[in-house]
Amino acid sequence: MSGKISFFKSVENYVDKAASYTDIPRGLVEQIKACNLVLQIRFPVRVGNDYQVIEAYRVQHSHHRLPTKGGIRYAESVDQDEVMALAALMTYKCALVDVPFGGAKGGIRINPANYTVEQLQSITRRYTTELIKKNFIGPGIDVPAPDYGTGPREMAWILDTYQAFRHGEIDSIGCVTGKPVTQNGIRGRAEATGRGVYYGLRQCVSYAEDMAKIGLTPGMEGKTMVVQGLGNVGSNTALISQKEGGVKIIGVSEREGSIQDLNGIDVEKLLAFRRETGSIIGYPGSTHIGDALAALEMECDILVPAALENQITLENADRIKAKIIAEAANGPITADADPILQKKGIVILPDFYINAGGVTVSYFEWLKNLSHHRFGRLENRFQTNAFARIVSKVEEMTGKTITDRERELLTRGGTEIELVNSGLEDTMITAFDQIRETLKQHPDIKDLRTAAFVCSLKKIASDYISMGIFP
Ligand code: NAD
């Protein structure tokens, strides 16, 4: 929150602005904006010799498509306004990337670092029990996933609790996504959000005429990047951008402060250094440049805030020097800071587009769970044999032969991870191009965020209209 305006209200304001570029009836816009269900939970947990009352939420923002979908966050910032805003962003995100779900979000107001693994497990299981009691979870109702402060471990606890209550429910494994691969998860989910950020950025910088406007050449190779937050999203964005895109990571920020090395930081080594020492400060070759916000002000081509909301505010917006900001975190730029950045000509890739990789691959996981088999299992061998017959025929007709390695590459069917990544890549490319096309169709829209909201709103409105709810 900026202090003046709530996070949820700022999402509503963006939607109102986008709606003014459409002919969607006002009443329908109001329905789309409204949070459909809000569950507030309080339950006790034993900590040492005492009990603590835990504050938790689950918000289902939109039921225009079911199930609803969205992560569960464990953070001290969690309150009803934050969860409502994040649930709303999920609705627009799913619509934008054609994932057929309504938006939802959950949150528990704790700092996981203050609890033992056993306590975290009992909090997670109790929270899940509350969701089950209120009919707020299920493969066709509402499907949680990881978010800030949670990961595959918590998702496995949620699944186990759900199955204990819903023994025999055939699709129960689809009640939560982001599970460990060994617990009916899907390969590629853990890094999906960061990989999606990379694909979205790569598509954005591929247009020479757009890049010329901000003084950049097209392509990821050699671009400089600063990342805030080395958690799931931030570390995977940095790793993949470095390895696959040839991007130079020149600045990193974590809770303990910011470091820079203009020659480039090896992210894999930095992650190992932090695991060992508990901090990024002191990483060989780097300079400690200040607190967790300091790196945001570095001169760079791409800035990736990947920690929490409200990092770029009225206070520091004027000092941001990046050419492109990829909002890997949800809501890292406050509503009042956004126009300042735009005036500076900074291209902002909005959160509900650029971090949509997680929900996209969660959707693939859910499909895998409901189909009860691994992608590729049925068709892989058939495809390999079919391709092999084509290759043999071409060899026969040309009189030339290829090597065994070449034959293997040409004939094998896709593995699960290859299918997941290609589906994710296609989703991020298609959505970016739709947003860019919308900008072109509306020369009065100046920013990608408004254009992205226009795309989402039109899709959601068309769902409501096709249901016969609105004329
Ligand atoms: P995470 O808990 O894995 O990582 C967050 C990281 O940020 C941690 O390493 C933490 O120490 C660091 N951090 C906290 N405060 C900081 C500060 N002030 N400065 C610098 N670093 C700080 O969380 P995550 O899953 O990577 O989520 C990060 C953001 O991405 C959140 O806004 C979340 O909603 C969003 N997001 C996550 C997913 C997902 O699949 N996990 C999907 C979409 C969006």
Side-chain angles (χ1 to χ4, degrees), residues 18 21 96-98 193-227 236-251 262-264 267 296 298-306 312 317 320-328 332-333 338-357 360 421-456:
Y21 296 100
L96 189 63
V97 293
D98 294 324
T193 308
R195 179 165 287 283
V197 174
Y198 168 67
Y199 288 146
L201 271 166
R202 196 188 62 186
Q203 188 64 6
C204 169
V205 304
S206 70
Y207 290 98
E209 72 258 43
D210 298 358
M211 289 302 101
K213 287 184 198 153
I214 52 172
L216 293 178
T217 50
M220 289 293 270
E221 183 75 34
K223 295 257 179 316
T224 55
M225 180 184 274
V226 171
V227 180
N236 283 303
T237 301
L239 280 170
I240 295 166
S241 298
Q242 190 163 59
K243 274 192 195 156
E244 297 180 24
V247 165
K248 196 163 152 192
I249 312 293
I250 57 167
L262 300 182
N263 295 318
V267 185
L296 298 177
M298 283 177 63
E299 211 158 295
C300 61
D301 297 328
I302 302 166
L303 174 62
V304 183
I312 301 175
I320 303 296
K321 299 175 201 77
K323 304 250 171 70
I324 299 170
I325 301 178
E327 290 187 318
I333 300 173
D338 194 82
I340 299 174
L341 301 173
Q342 275 186 48
K343 217 178 265 171
K344 287 161 75 95
I346 299 174
V347 171
I348 300 169
L349 286 160
D351 44 13
F352 70 105
Y353 161 64
I354 201 69
N355 68 33
T360 302
N421 287 347
S422 71
L424 172 61
E425 184 176 11
D426 187 59
T427 301
M428 296 305 293
I429 290 173
T430 306
F432 182 82
D433 287 350
Q434 279 176 7
I435 301 169
R436 191 169 179 270
E437 200 47 44
T438 304
L439 260 187
K440 280 190 168 169
Q441 284 163 5
H442 295 269
D444 40 347
I445 299 180
K446 301 289 177 219
D447 62 303
L448 292 168
R449 190 190 310 279
T450 308
F453 270 117
V454 168
C455 291
S456 293

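In this chain, residues are counted from 1 in sequence order. Computed from a prediction, not measured in an experiment: that's the story for all the values here.
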Separation of Ile354 CD1 from Ile325 CD1 (nearest 0.5 Å): 12.5 Å
Approximate separation, where rounding is to 0.5 Å, of Thr360 OG1 and Glu425 CD: 12.5 Å
Shortest non-hydrogen contact from Gly345 toward Ile214: O-CG2, 3.5 Å
Nearest heavy-atom neighbours spanning Val454 and Thr438: CG1-CG2, 3.8 Å
Any Met211 side-chain heavy atom under 4.5 Å of Cys204 side chain: yes
Gap between atom NZ of Lys323 and atom NZ of Lys213 - 0.5 Å precision: 15.5 Å
Closest approach of Pro305 to Ala326 (non-hydrogen atoms, all atoms of both residues): CD-O, 3.1 Å
Gap separating the CG atom of Asn355 from the CD atom of Glu327, nearest 0.5 angstrom: 8.5 Å
Test item: Thr450 side-chain N/O and Ala18 main-chain N/O as donor-acceptor pair under 3.5 Å: no
Residue pair Gln434, Asp98: steps toward the side chain to side chain contact (heavy atoms under 4.5 Å, CB included) verdict: CA-CA 11 Å; Gln434 279 176 7; Asp98 294 324; 4.3 Å; yes
Gln441, CD atom: more than 12 neighbouring heavy atoms under 6.0 Å: yes
Leu349 side chain near Phe432 side chain, heavy-atom distance below 4.5 Å: yes
Heavy-atom donor-acceptor pair, Tyr207 side chain to Arg436 backbone, under 3.5 Å: no
Rounded distance (nearest 0.5 Å) linking atom CD1 of Ile429 with atom OG1 of Thr427: 9.5 Å
For Leu96 against Ala452, the heavy-atom pair lying closest together: CD1-O, 3.7 Å
Shortest non-hydrogen separation from Cys300 to Thr224 and the atoms involved: CA-OG1, 3.5 Å
Closest non-hydrogen atom pair, Lys321 against Met298: CB-O, 4.0 Å
Whether Lys248 side chain and Leu262 backbone form a donor-acceptor pair below 3.5 Å: yes
Donor-acceptor contact below 3.5 Å, side chain Gln242 vs main chain Val267: yes
Lys223 side chain vs Thr217 backbone, donor-acceptor pair below 3.5 Å: yes
Name of the residue among Val347, Leu216, Ile324 meeting side-chain contact (heavy atoms from CB on, under 4.5 Å) with Val205: Ile324
Donor-acceptor pair, side chain of Tyr353 and main chain of Arg449, under 3.5 angstrom: no
Flag side-chain contact, heavy atom, 4.5 Å: Leu303 against Ile346: no
Pairwise distance OH(Tyr198) to CG(Asn236) - rounded to 0.5 angstrom: 13.5 Å
Near-ring test Phe352/Phe453, centroid separation under 6.0 angstrom: yes
Side chain to side chain, Pro350 and Leu448, heavy atoms closer than 4.5 Å: yes
Side chain proximity check, Arg195 to Met428, heavy atoms < 4.5 angstrom: no
